[in-house]
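Throughout, a chain's letter reflects where its sequence line sits, starting with A, and its residues are numbered from 1.
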Number of protein chains: 2
Amino acid sequence: MKLTKETIVSLIDHKDYRRLQSLLARENEADIAEVTDELNSERAITTFRLLPKDRAAEVFAILSPEHRQSIINSITDKELQGILNDMFIDDAVDVIEELPAGIVRRVLENTDPQTRRLINRFLKYPEDSAGSIMTAEYIGLKKHMTVSNCFDYIRAHAITSETIYTCYVTNDTRQIEGVVTIKDLFLADDDAVIADIMDTNVITAHTHDDREAVVDMLNKYDFLSLPVVDNEDRLVGIITIDDALDVMEQEATEDFEKMAAMAPSERPYLRTNAFALAKNRILWLAVLMFADMIAGIILHRYEEAFQAIPLLVSFIPMLIDTGGNAGSQSATMIIRGMAVGEITLKDFFRVVFKEFQVGLLTGSVLVLINYIRLSIMYPGKTMIILTIILSIYIIVILSKMLGAVLPMIAKACHVDPAIMAAPMIATIVDGLGLLLYFELATFLLHL
Amino acid sequence: MKLTKETIVSLIDHKDYRRLQSLLARENEADIAEVTDELNSERAITTFRLLPKDRAAEVFAILSPEHRQSIINSITDKELQGILNDMFIDDAVDVIEELPAGIVRRVLENTDPQTRRLINRFLKYPEDSAGSIMTAEYIGLKKHMTVSNCFDYIRAHAITSETIYTCYVTNDTRQIEGVVTIKDLFLADDDAVIADIMDTNVITAHTHDDREAVVDMLNKYDFLSLPVVDNEDRLVGIITIDDALDVMEQEATEDFEKMAAMAPSERPYLRTNAFALAKNRILWLAVLMFADMIAGIILHRYEEAFQAIPLLVSFIPMLIDTGGNAGSQSATMIIRGMAVGEITLKDFFRVVFKEFQVGLLTGSVLVLINYIRLSIMYPGKTMIILTIILSIYIIVILSKMLGAVLPMIAKACHVDPAIMAAPMIATIVDGLGLLLYFELATFLLHL
């Protein structure tokens, strides 16, 4: 029997709870949550109730917020307490952040005082900070312990720790003194002392660090977890690599959205209604539309020029689109390069010079293509052809350089460089490109 | 003393190798590789030679290809052999793939026969497949072993395994029968038998699976590693989560590049020369420029219309840019949604209807803004204003729907949906939008 929506629906409808229970007992939590999310809320609650006790909390943590809320509404305070105490703090905090205020109170009242204190502290960390994605459950060792002491300690605490693979050694005031992996412990003698085998070069994050920086660190060092310290350098939690994977995916999605002139979305696309989607998109659409008025005003100024030679108008889409595309290619490379930490502000001149070269190269090819095509289509109109290919050349080089310069200037001014992506670059290039085109036309064609 | 480029340069110039050696002995491999990459090749070789034997292979694996090549050229066959045998297969394969053919032969001659066979097998897996990113070094257990047998086995094999945290249980023909984590072993009694504690619901990837799918699985299940099986279902390797993090970053970068109309880059931006950058960008620039000819031909057809009312030309940038922006917002959401597996083809009608609604909503707002502005700027020109706001409305709705439909059609045709991103959508919307605009103008203004 396979775990599918249809299987569950049929088992519930036939009240065959025993078979459903045994099916659920052997499936992976992520698969159970995925299928449960497809059920209506009544069947989801039934399924949830049939889960083995030890897996309920884990499934609960990855269910959709809607289903979590209906489950909370359907269970007793006692049951809720059980689930919350089984959850890791970071998951519990994520759950709580999505609940309406009334339910949050009920949830907090049902956790033990220590967990409640922890949750309240975690809720205070700024969004997108290291503190907001860390977990409090880690293995903390002392440096005078022997390897076999450590194994006993880990054995006793394995269930309540999110990861046991990297252990942190702290002093009495909870400052980190070293780090050992389980692998280190296995490779050492049983009576070796931690102080002798631990690595004292500990790389830490701070609770208020940006979560993106933390992911970059985990990625750079290939760690399974990273310790997080507070202002007094005390170890307060760890960030595990599986959370880093989620953060990396979310951050990339946010960048995609911002670079396409949208406000980042709060929830998955299919679970966002049209009003919320429209709200995220309308501001930039309106701002960029207004900015396009400048291009309109420029065109208005040259009405006489294109009334004399109407053919000039035909090349407007090609000129402004090519400029926009050329600029957005550069901007995308630079913004992404800065996001993954590969390009920094001190590379400014190197980057601008490189884009200038790329502009010269790509511009030359486009000029050649246009020269051939225009010579065939409009034989004899030498000066018009010259106007167009000169415009293309300058616009491509200019766009390439603007695409490099503007995101880096934004970064230097502590503005998100993603603002300076394709839509904004295209709008700026529109105005500049049209001005250049008609100035060249007026001059070369004596208009 | 801190590990910086300047420190190393000064220590080498003063021939103070002892202090450099002790500095290197206590720093993290990733930091050492980062700083070494900033040195010239001569100093990089000196630094590399001063590394403790047990860290040389790891630093070597993360150095830049240029430095790796100069190091290989400067060391003896014996030394090279030592480094290669210390490396994990997946790293060794990555190194080899970047080397010139002559050096590859020398490298392969200097590995032991078993490693050479493995490397040759790995080199045959298709690029971007699970096989190409997996490693062969894992802990393989047998189901009749007891927990304490396992601990002994792990202790003996910890050094040569990339990760010891998830162990796979295989039968005599190397098919996977179950999986146990170190955590499971810690929580079990010493004399418990693996068959009783292993999880038999093993989730596997196939050597030829796309590496993106593998990353999605690791992300979904929060595993630290995923076993990879061949056509006969035999375990041939594992993919660890730190490699998944790299793949996720690379895949997102590739999508950014493709969505900005570029061929994906092979190397980091700063290490790519202008010719290679230009080569990646020119094809799409030229294709889109050609496609813009259609918009040009449409404009050419309506020369009489804008000669009668030149004002019509002023609104061209606004109309085509707004259409392009509206469409690229939708396309970005849909392409990204499909990339992270949140939107599938069976959501087609839901997505298109949603974007239709978003088009209605955002279109209405933009119409209102334009109506107010145009009524102030061009009082009395009712029919021109009507032409423009009607065009905006239809163009926005159309663009939103095209932005949703085209990437999904691409996906259905097994074409990369990223092709149907901003640049392509904008070009298509240009042509359609201008046709609509001038048809409306001809009709409403009796041109």
Side-chain angles (χ1 to χ4, degrees), chain A residues 26 30 154-155 158 164-165 182-183 186-187 201 219-222 241-242 245 248 252-253 256 260-262 268-269 274 277-278 281-282 285-286 288-289 292 295-296 299-300 303 307 310 313-314 316-318 321-322 325 328-329 332-333 336-337 342 354 357-358 361-362 365 369 422-423 430, chain B residues 26 30 154-155 158 164-165 182-183 186-187 201 219-222 241-242 245 248 252-253 256 260-262 268-269 274 277-278 281-282 285-286 288-289 292 295-296 299-300 303 307 310 313-314 316-318 321-322 325 328-329 332-333 336-337 342 354 357-358 361-362 365 369 422-423 430:
Chain A
R26 61 182 151 83
I154 292 168
R155 218 174 291 250
I164 61 164
Y165 306 121
I182 291 269
K183 201 164 163 175
F186 271 117
L187 292 172
N201 177 30
N219 197 11
K220 177 179 166 187
Y221 295 110
D222 283 348
I241 193 166
D242 52 311
L245 216 56
M248 188 184 264
T253 298
F256 274 109
M262 289 177 277
Y269 178 83
L277 288 175
R281 301 187 194 176
I282 189 64
L285 279 184
L288 293 168
M289 194 180 76
D292 278 324
L299 281 176
H300 195 46
E303 270 177 16
Q307 273 192 304
V313 173
S314 304
I316 291 178
M318 183 191 80
D321 279 358
T322 303
N325 289 336
S328 87
Q329 288 180 332
T332 302
M333 292 297 280
R336 180 67 183 160
E342 197 184 289
K354 211 180 262 263
Q357 290 174 294
V358 176
L361 288 167
T362 49
V365 176
I369 296 174
D430 277 9
Chain B
R26 61 182 152 84
I154 292 168
R155 217 173 291 250
I164 61 163
Y165 305 121
I182 291 270
K183 202 164 163 173
F186 271 117
L187 292 172
N201 178 28
N219 196 12
K220 175 178 168 188
Y221 295 110
D222 283 346
I241 191 165
D242 52 310
L245 216 55
M248 188 185 263
T253 298
F256 274 110
M262 288 177 276
Y269 178 82
L277 289 174
R281 301 186 194 176
I282 190 63
L285 278 184
L288 293 168
M289 193 180 76
D292 278 323
L299 281 175
H300 194 47
E303 270 177 17
Q307 273 192 303
V313 174
S314 303
I316 291 177
M318 184 190 79
D321 279 357
T322 304
N325 290 335
S328 87
Q329 287 180 333
T332 302
M333 291 297 279
R336 181 66 183 161
E342 195 186 290
K354 210 179 262 264
Q357 290 174 295
V358 175
L361 288 166
T362 48
V365 177
I369 295 174
D430 276 8

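Heavy-atom minimum distance, A:Arg155 versus B:Phe186: CG-O, 2.9 Å. When all heavy atoms of B:Gln329 and A:Met262 are compared, the closest pair comes out as O-CE, 3.3 Å.
Comparing A:Ile241, A:Ile316, A:Leu277, A:Val365 by heavy-atom pairs within less than 4.5 Å of chain B, the highest count is held by A:Ile241. Chain A forms the most heavy-atom pairs under 4.5 Å with one residue out of B:Thr332, B:Leu187, B:Val313, and that residue is B:Val313. Each of B:Met318, B:Lys354, B:His300 has some count of heavy-atom pairs under 4.5 Å with chain A, and the biggest count is that of B:Lys354. Counting heavy-atom pairs closer than 4.5 Å to chain B, the top-ranked of the candidates A:Pro317, A:Ser328, A:Pro423, A:Ala261 is A:Pro317. Taking B:Ala422, B:Ala295, B:Ala274 one by one and counting their heavy-atom pairs under 4.5 Å with chain A, the maximum is reached by B:Ala274. Taking chain A as the reference chain and counting heavy-atom pairs below 4.5 Å, the highest number among B:Asn201, B:Ile182, B:Asp292 is found for B:Asp292. Heavy-atom pairs under 4.5 Å with chain B were tallied for A:Ala30, A:Ala286, A:Gly337; the largest tally goes to A:Ala30.
For A:Ile164, the part lying under 4.5 angstrom from a heavy atom of chain B is the side chain only. In this structure, the portion of A:Arg26 lying under 4.5 Å from any heavy atom of chain B is its backbone and not its side chain. Proximity to chain B (any heavy atom under 4.5 Å) is restricted, for A:Asp430, to the side chain, taken from C-beta onward. Using a 4.5 Å cut-off between heavy atoms, B:Leu285 touches chain A through backbone and side chain atoms alike. The parts of B:Asn219 that come within reach of chain A are both its backbone and its side chain, each placing non-hydrogen atoms under 4.5 angstrom from that chain. The contact between B:Thr322 and chain A is made by backbone and side chain atoms together, counting heavy-atom distances below 4.5 Å. For a residue to count as touching a neighbouring chain, one of its non-hydrogen atoms must lie under 4.5 Å from one of that chain's; by this rule B:Leu245 touches chain A with backbone and side chain alike.
Geometrically, A:Lys183 does not engage B:Tyr165 in a cation-pi contact defined by less than 6.0 Å to the ring centre and at most 45° from the axis.
In this structure B:Lys220 satisfies the side-chain hydrogen bond (donor to acceptor under 3.5 Å, both in side chains) test together with A:Asp31, A:Glu34, sequence neighbours excluded. Residues forming a side-chain hydrogen bond (donor to acceptor under 3.5 Å, both in side chains) with B:Glu342 (at least two apart in sequence, or on another chain): none.
A donor-acceptor contact under 3.5 angstrom links the side chains of A:Thr253 and B:Arg336, judged on distance only.
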